[in-house]
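Inspection log for the structure reproduced underneath, given as C-alpha cells.
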Amino acid sequence: MVKIVLNADVKKGKINKNIYGHFSEHLGRCIYEGLWVGEDSEIPNIKGFRTDVVEALKKMKIPVLRWPGGCFADEYHWVDGIGPKENRPCMVNTHWGGVVENNHFGTHEFLELCEMLEAEPYICGNVGSGTVHEMQQWVEYMTFDGKSPMADLRRANGKDEPWSVKYFGVGNENWGCGGNMTAEFYADQYKRYATYVRNFGENKIYKIAGGASVDDYHWTEVLMKEAGKQMDGLSIHYYTRISKDWSEQGSATEFNENHWFSVMQNALFTEELVARHSNIMDKYDSEKKVGMIVDEWGTWFAVEPGTNPGFLYQQNTMRDALVAGIHLNIFNNHCDRVQMANIAQMVNVLQAVILTEGKNMILTPTYHVFDMYKVHQDAELLSMDFESPEYTYNGEKVPQLSASSSVDSEGRIHVTLCNLNPSEDMNIDIDLRGITAKSSTGEIITSSTMNAKNTFEEANNVTIKKFEGVRLENNHISGIIPSKAVVMLEIV
Ligand code: AHR
C-alpha cells in the first residue's frame, strides 16, 4: 500500500500553463501535411490549415507553440517565407531529409495558426547562419506598429496591425547544429543578438537563450554567469531513448520489458536534470527570475519501417503515454523554475500527439495524456508526500509511482498518478488534509499490452476512460491503480 499525504492547503506556486507547450519544426511531415495542406487541398482546411488537426489541438488547450526549429531554425531565413507564395524562393532542408522547402508556410502562416489555436507563438531566431540585422528586422516586421521599412513591408504583405509575439529564442542547440559553439562563445553571441531583439510599443519580448544538451552543466553555468542578467529564459533539451548510445534506437512499437524499463529509467532521469540545472541557476539567480525552458523533450526511437529516416516519423504507444505523464509530473513539481516545456514534436514527428495519413488523423496515447493533464494549466501546485514502492527489473530499480497535484481557480483538486510497472497494480491511499472532500471522480489511460497503440484502422485502442478503481471515504481516497496506467483524479 502506498500512503500518500496530500496537503490541500499547502500551495507551492503556480504551474505555468506553458509547461503544456508544443514544438513544430520544418521537419518531415510536421508542417506540410501535418498542419498545413494549402487552401486548394481536398483535405478539409481553414485557410490552408487542416481543420481536424486544429480542432484536436484546440480541445487539448495548447498554450504555446515553438517554431520554425530546432536545427532548421539556424538555417532559416525568414524573408524567404513572406510575400506571395509563388515568389517565395525554395531552399534545401539539409538537416531533415535534404528535401526542398518551398517556404509556403512562413511567418504569416505560423502566426495565423497561433491565433486560430489561441496559443502564444514562440519563435526561434537564427544565430548559426543568420545575422544580427536579420534577427532585428524579423522582430521589427512582426511587432512594430509605427512607420518603418519592416512594418511597411508587413503591411504590403497584407497585415496592417502588428502581431503580439512574446517568446523569442536566440538560436537553437548552438553547441551543435546551431553553429558548434563553445558555451563561452555562445554567451557573447547571445548578448550581441539579444541586444537587438527589441521591444516595440506594448510588445515585451521574453528572451530565451539556447541551452544545454542534456547534462552539460558547464553550459548552464557559463550562460547564467555571463548572460543571466540579459535573459528571461534558458533552455535545456533532453530526449528519452532506450540507451545513451545514439546508435541504439529501438523500435517505437516492438519492444519487450527490457526496453520498457530502460525508457522509464531514462524518462525519470529528467528529475535529476531539472534539479541539477536548477541548482546552478539558483546560484546566479536566487529569485528565480530566469525560467527554465525545456523546449525539446520526448521519446526518440527508430523511424517507422519504410519511412524516410530524415523525417523522424514514429508511432506512439502506452509506453509514450507513461513517458509524457512522468515528464509533466516532474515539470509540475518544479514549477518554481520550469516556466515552459515543449514536447517534440506536435504532428507526425518523434513523440507526436497527432499522426496523419492523407485525409485521416489519429490522436496518440500522448495526446490523451496532455488532454487529461490540461487541468493543471495555471493551477497551484500542492504539496504531496509519499514513499514510492520500487519497480524492479533485472536487478535495477526505479520508483513505481510518479505523481503531482494542483488546485485550480475554482477550488477543484487534481491528482495525476502514473504506475510505471507494466504488470503490477498499485494499492494507494491518499490522506486528504486541509480540506473536507465531498466527492471524487477519475479518468484513466491504460491498456492490456505495453505496446498498445492507436492506428488508422483502430483509432481508439488507447484513450481516456472513466476510472472507478478508487473511492472516497473518511477523507481518504483508496483503491487500486492498475499496472501501466496514467490516472487523473478530481476532488471537490
Ligand atoms: O526535434 C528534432 C531535433 O532534435 C531538433 O531539430 C534539434 O533541436 C534536436 O537535436
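Counting starts at 1 for both ligands and their atoms, in listed order.
- Atom numbering of ligand 1 starts at 1 in the shown order; those under 4.0 Å from a heavy atom of Asn172 are 8 (O).
- Residue contact check: Glu296 has heavy atoms under 4.0 Å from atoms 1 (O), 3 (C), 4 (O), 5 (C), 7 (C), 8 (O), 9 (C) of ligand 1.
- Ion pair Arg337/Asp282 flagged as a salt bridge, since at least one NZ, NE, NH1 or NH2 atom sits closer than 4.0 Å to an Asp/Glu carboxylate oxygen.
- Taking the six-membered ring for Trp and thresholds of 30 and 60 degrees, Trp67 and Phe110 have nearly parallel ring planes, at less than 30 degrees apart.
- Within ligand 1, the atoms closer than 4.0 Å to a non-hydrogen atom of Trp300 are 2 (C), 4 (O), numbered from 1 in the order shown.
- Considering both main-chain and side-chain atoms, Leu312 never comes within under 3.5 Å of ligand 1 through any nitrogen or oxygen pair.
- Remark: the Tyr122 side chain and the Asn18 side chain contain no N/O donor-acceptor pair separated by less than 3.5 Å.
- Ion pairing of Lys85 with Glu109 is present here, as a side-chain N (NZ or NE/NH1/NH2) and a carboxylate O approach within less than 4.0 Å.
- Under a 4.0 Å criterion applied to the non-hydrogen atoms of Gln345, ligand 1 contributes the atoms 1 (O), 2 (C).
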Tyr190 vs Gln230, test: side-chain contact (heavy atoms from CB on, under 4.5 Å). Steps then yes/no.
CA-CA 9 Å; Tyr190 169 79; Gln230 282 98 329; 4.2 Å; yes
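- Below 4.0 Å from some heavy atom of Cys71 lie the following atoms of ligand 1, by number and element: 5 (C), 6 (O), 7 (C), 8 (O).
- Ligand 1 places these atoms under 4.0 Å from at least one heavy atom of Glu173: 7 (C), 8 (O), 9 (C), 10 (O).
- At least one heavy atom of Tyr239 sits under 4.0 Å from some atom of ligand 1.
- Numbered from 1 in the order shown, with element, the atoms of ligand 1 that lie under 4.0 Å from a heavy atom of Leu350 read 1 (O), 2 (C).
- Taking the six-membered ring for Trp and the full ring otherwise, the centers of Trp219 and His277 sit at least 6.0 Å from each other.
- Interface atoms of ligand 1 facing Phe23, defined by a heavy-atom separation under 4.0 Å, are 1 (O).
- Taking the ring axis of Tyr313 as reference, the NZ or CZ atom of Arg29 stays within 45° of it and closer than 6.0 Å to the ring centre.
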